[in-house]
Every structure is written in C-alpha cells, then in structure tokens.
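Structure first, commentary second.
Because the structure is a prediction, the values reported are computed rather than measured.
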Amino acid sequence: MRFPLILLLPLLISCSVPTPLIERVKMAGEMVVATRESPTTYYKEGEGIKGLESELVELFAAELDVRVRYVTANTFDEIQSLLHQGKAHFAAAGLSITDKRKLQVRFTSPYQEITQQLVYRAGNRRPKKITDTERGLLEVAAGSHHAEYLQQLKLQHPELEWSEPTDETSEDLLFLVKEGLIDYTVADSNQVSLSHRFHSELLVALDLSKPQSLAWAFPHAEDNSLYNAATVFMEKLSKGGSLKEIIERYYGYVGRLGFVDKRDFQRHFAQRLPLLLPLFKQAAEEVNLDWQLLAAIGYQESHWRPDAVSPTGVKGVMMLTKAAATQLKIEDRTDPAQSILGGARYLHLMDSKVPKRIEPPDRLWMALAGYNVGFGHLEDARVLTQRAGANPDKWVDVKQYLPLLSRKKYYTTVRHGKARGGEPVHYVANIRSYYDLLVWHNQNQAPVKKEPPNALSILPGAL
C-alpha cells in the first residue's frame, strides 16, 4: 500500500529529532563530570570522595537517578577541551565566571563567591600593592583566571611581572610560598582559607579583585536540556537554603585560629597529646565516637592540661563542673583518665537530648553547643530561631540566634534566661578547626589507626 507523502512527512521529521541529552544521560545511567583535584572541589579519601563540588554534583546526580564518573584536569584549557570533545557533560571545578570564559562555555547560576587574593609568607615583608611583588617572585598557575586577571592589571601597571608554570596548580603554588621557594602567588579566598588551616605561615597581603562568582560550566550547544536542569537544580538548592548549609559545613568555621594558635597546637600535639592519646581512645571507644573529636574538645577546653582550673571552678582536661562530675560519677576531675571519660559521657548525654529528627552534622554541632553553654540555653536559642522563621534544626541558623541570649530583649522571653550565647558559636568553630588539624597531623606526620566514627562525628574534611 502506498501512503500519501503528507502522511509520511511527520514520521520522517520525528525520526530526525535527536533524543534530548538529559534523557540520554538517564538512559545511560551515568553523568560524566570534569573536575580538578583540590580541597575546594574534589578529592579522594579512603573509599569515598569529598569536596564541595563533588557533594553538589552527587546531589544533582541523585535527582536525575544516575551515577557520576569524574574526569580530572588541572587547567581551564584542559577542562574546556574535555567539554568541547564531548568527553564530559559539564565541569564542576571551582570555575569563576569571567567575560573571556563566557565566550568559551556557558555557566549555570552561581553557587559561591570568592575573591582573588595576593598571598605571601609570614616573616616576609607584606606587599601593600600588587606592584610591590617586583621585589620577589610572583607565580600563578598557567591558564588560570588568576593569570587572566593579572593580564588586566598589567594594563594599569605595565611594570607588573609574573611567571606561569604549566606543571603547578594553585594549591601547589600555595605550598611553595609556605616553603619559601617562591615569594607570592594569587589564589582564591576559599583556597586560602582551607590551606591556612594547616599552613598558618600563609598570609593574605591584599584582595586583588572584587567578589567573583563560581559556577558549573557547560559547552555551548543547541541541546539545553541538561544545562537547564542543572540551572534549575542550583537555583532550587539556593532558594531552599540547602546550598547555604553545605557551604557552611566547608567554610563556616575556617579562619577562626590564628598563627599563634596553630603554632601552639603543633607544639602541644608533639608534647602533650602522646601522654593522653590512650585515654582519648579508650573513652571514645566506650561511647562509640571518633577519638579525634574527643581530643579536639579536650584541646579547646584545656589545651590538654590535666591541672587546668578556670576562675569559675571547672577543672581538668575536659573542664568539667563539679555538678557534671557528680552526675557522671567522676570522683577526681583532675585525673586525666576520669576527666576524659567524663567528657565523653557528657557529650554522649548531650547527643541523647538532641531531637532524633536532627541529623549529622547538625546533630553534632548542637551537642557540642549544649556541652559548652548547657542544653537548656541551646533549646532557648532554637526557640528564638523558630520565632524568627528560621530552621531550629539547622546549626547554620541556630548559631545566628545563640548570641541573642546575652541581650535582655531576648533572654527574658525564654525559659532559661541569660547566657553568653556567642561563646558556644566560637566553641564549635574552634573544635571543628582543631579536629581538622588533628586529622591532618595524624595523616601527614604521625599516622595512627583511626577508630570508626559513629553518628556523633561526620565525614573528615567536612567537619
């Protein structure tokens, strides 16, 4: 039978329309993402992966119900090549949005802002302006947006000079500054913050740029289906508050400790911790938590001094009150073994009071805040948080309202009255920093066997 041409035409046209990319990704069950290995983006730890970028990517993949395969590159040019050759669907690599890059790729809605910073080593003369770097060696990664920005600055300052090694990443150059092998580099503020946790010698001379946005990058193409889905996903994450929570987990506590704090920690790590290490491990095992977390609390409380005594009468490594010691059946607060065991039990007690619906890591932050200020005051802060229309089950919100407990306008409206609510905010931030330092020192200087953490602790690197 012969069909009229007009009937065959729609069929021929429909056969020529390709399947949208997002549907092909779903059918394949795999999304390929270009990234770079960095503490700010993606890194492997044990059997898993960590990093802000990878966490966002995994959430997007879960929404599409597909797995993720990562391909890594070191420079923007390499990432761009992967996209244009069809070897990756998009890039999640901490890429800043610049006018030049917009011509090469298209960006989703931004998820974070950074500032380019000039970095130098403590002990050296601080450059007051970018042209002061002529006194030393300035290096930035080849093909980076730092190099692109320096090119713009050179139009105003023709005398500006720098080198662009092709085999060094921004993280590598920060380490070279720390080691004194080069004098200066330019790095993003989030990179500097994370590097400064472990290398306190790194100092910021000045901010070079205004805030710049980071976003995912897609190749320019007619098929917008996956790009549109990613843009909607990022906007939804931002509007719902989840993006704010994720960024807070990675960056909300960094920068709390200064050079002297970290120098003292290194000394105490070598001199004091070895004597207490078996006690931290034993106590942590009893209540099933990460001993490094318990040790971080002990350092925040007393700098690991068994004879520590505060003006308010709290004593010992874990600085227990007399009432708490009695409740926890601790007879001698100055005995290191008893004090550490009491601290472990008290943290476990605080955790048991946190509503079961609150999940890690917020659960841990709440327990630590209760350990410091008292659980009743924590609950008062959660009441204030809820009254303000924020989420009382999220630490990122609660920590904004804890300081209000020191103001009469607020503490007279809640059950447990006045409290120095700003202290638990700093307390939690410091413990997170000390935990990171402990993990880093144990992995890089004196490896020890890590005990498996429970629900009280969270994934290393995100704590």
Inspect the surroundings of NZ in Lys178 and state if more than 12 heavy atoms from other residues, nucleotides or ligands are less than 6.0 Å away. yes

Is the count of non-hydrogen atoms from other residues, nucleotides or ligands lying under 6.0 Å from Lys418 atom NZ greater than 12? no

Classify the ring geometry of Trp304 against Tyr299: parallel below 30°, tilted from 30° to 60°, perpendicular beyond 60°. perpendicular

Quick one: sort the Phe233 and Phe60 rings into parallel, tilted or perpendicular, breaks at 30° and 60°. tilted

Side chain Arg363, main chain Pro355, donor-acceptor under 3.5 Å: yes

I'd like to know whether CD of Gln386 has more than 12 heavy-atom contacts from other residues, nucleotides or ligands below 6.0 angstrom. no

d(Leu52 CG, Tyr43 OH) to nearest 0.5 Å is 10.5 Å

Any luck finding a side-chain donor-acceptor pair between Asn190 and Ser193 under 3.5 Å? no

Please determine, by modelled atom types, if Arg387 and Thr413 share a side-chain donor-acceptor pair under 3.5 angstrom. yes

Would you indicate whether the side-chain heavy atoms of Ile247 and Leu243 approach each other to under 4.5 Å? yes

Indicate whether any N or O donor in one side chain lies under 3.5 Å from an N or O acceptor in the other, for Thr334 and Asp332. yes

So does Val317 get a backbone contact from the side chain of Ser302, meaning a donor-acceptor N/O pair under 3.5 Å? yes

Locate the shortest heavy-atom distance separating Tyr401 from Ala390; write the atom from each residue and the value. CE1-CB, 4.1 Å

Considering all heavy atoms of both residues, which atom of Val177 and which atom of Val119 are nearest to each other, and what is their separation? CG1-O, 4.4 Å

Of the options Gln212, Lys210, Gln191, which is the one that meets Gln116 in a side-chain hydrogen bond (donor to acceptor under 3.5 Å, both in side chains)? Gln212

What do the steps show when you test His146 against Asp188 for side chain to side chain contact (heavy atoms under 4.5 Å, CB included), and what is the final call? CA-CA 8 Å; His146 308 130; Asp188 294 342; 2.9 Å; yes

Are Leu64 and Leu226 side-chain neighbours, meaning at least one heavy-atom pair lies under 4.5 Å? yes

Option from Arg345, Gln338, His348 for which side chain to side chain contact (heavy atoms under 4.5 Å, CB included) with Leu328 holds: Arg345

Taking NZ, NE, NH1 and NH2 as the nitrogens, is one of them in Arg126 or Asp132 under 4.0 Å from a carboxylate oxygen of the other? no

Crowded around Asp167 CG? As in, over 12 foreign heavy atoms under 6.0 Å? yes

Glu55 side chain to Tyr250 side chain, donor-acceptor N/O pair below 3.5 angstrom: yes

Measure from the side-chain N and O atoms of Asp207 to the backbone N and O of Ser209, and report whether any donor-acceptor pair falls under 3.5 Å. no

Using 30° and 60° as the class boundaries, would you call the ring planes of His303 and Tyr434 parallel, tilted or perpendicular? perpendicular

Does Arg36 form a salt bridge (Lys or Arg N to Asp or Glu O under 4.0 Å) with Glu171? I'd like the steps, not just the answer. CA-CA 11 Å; Arg36 59 188 181 89; Glu171 286 76 20; 3.7 Å; yes

Between the side chains of Glu301 and Tyr427, does any donor sit under 3.5 Å from an acceptor? yes

Under a 3.5 Å threshold, yes or no: a donor from one side chain and an acceptor from the other, between Tyr410 and Asp380? no

Test side chain to side chain donor-acceptor pair (under 3.5 Å) on Ser433 and Asn430 and set out the steps. CA-CA 5 Å; Ser433 295; Asn430 286 350; 5.4 Å; no

Check whether any side-chain N or O of Arg382 sits under 3.5 Å from a backbone N or O of Lys394 as a donor-acceptor pair, and report yes or no. no

Could you check whether any side-chain heavy atom of Arg333 comes within less than 4.5 Å of a side-chain heavy atom of Met319, counting everything from C-beta outward? no

If we ignore angles and hydrogens, is there a donor and acceptor under 3.5 Å between the side chains of Asn442 and Gln292? yes

Do Ile246 and Leu59 have side chains that approach each other closer than 4.5 Å (heavy atoms only, starting at C-beta)? yes

Ignoring hydrogens and angles, tell me if any N or O in the side chain of Thr326 forms a donor-acceptor pair with the backbone of Lys322 under 3.5 Å. yes

Between Tyr346 and Ala324, what is the shortest heavy-atom contact and its length? CE1-CB, 4.5 Å

What is the minimum heavy-atom distance between Ser339 and Met318, and which atoms define it? OG-N, 3.0 Å

Whether Thr72 side chain and Glu37 backbone form a donor-acceptor pair below 3.5 Å: no

Step-by-step salt bridge (Lys or Arg N to Asp or Glu O under 4.0 Å) determination, Glu245 to Lys399: CA-CA 12 Å; Glu245 295 169 24; Lys399 75 174 187 177; over 6 Å; no

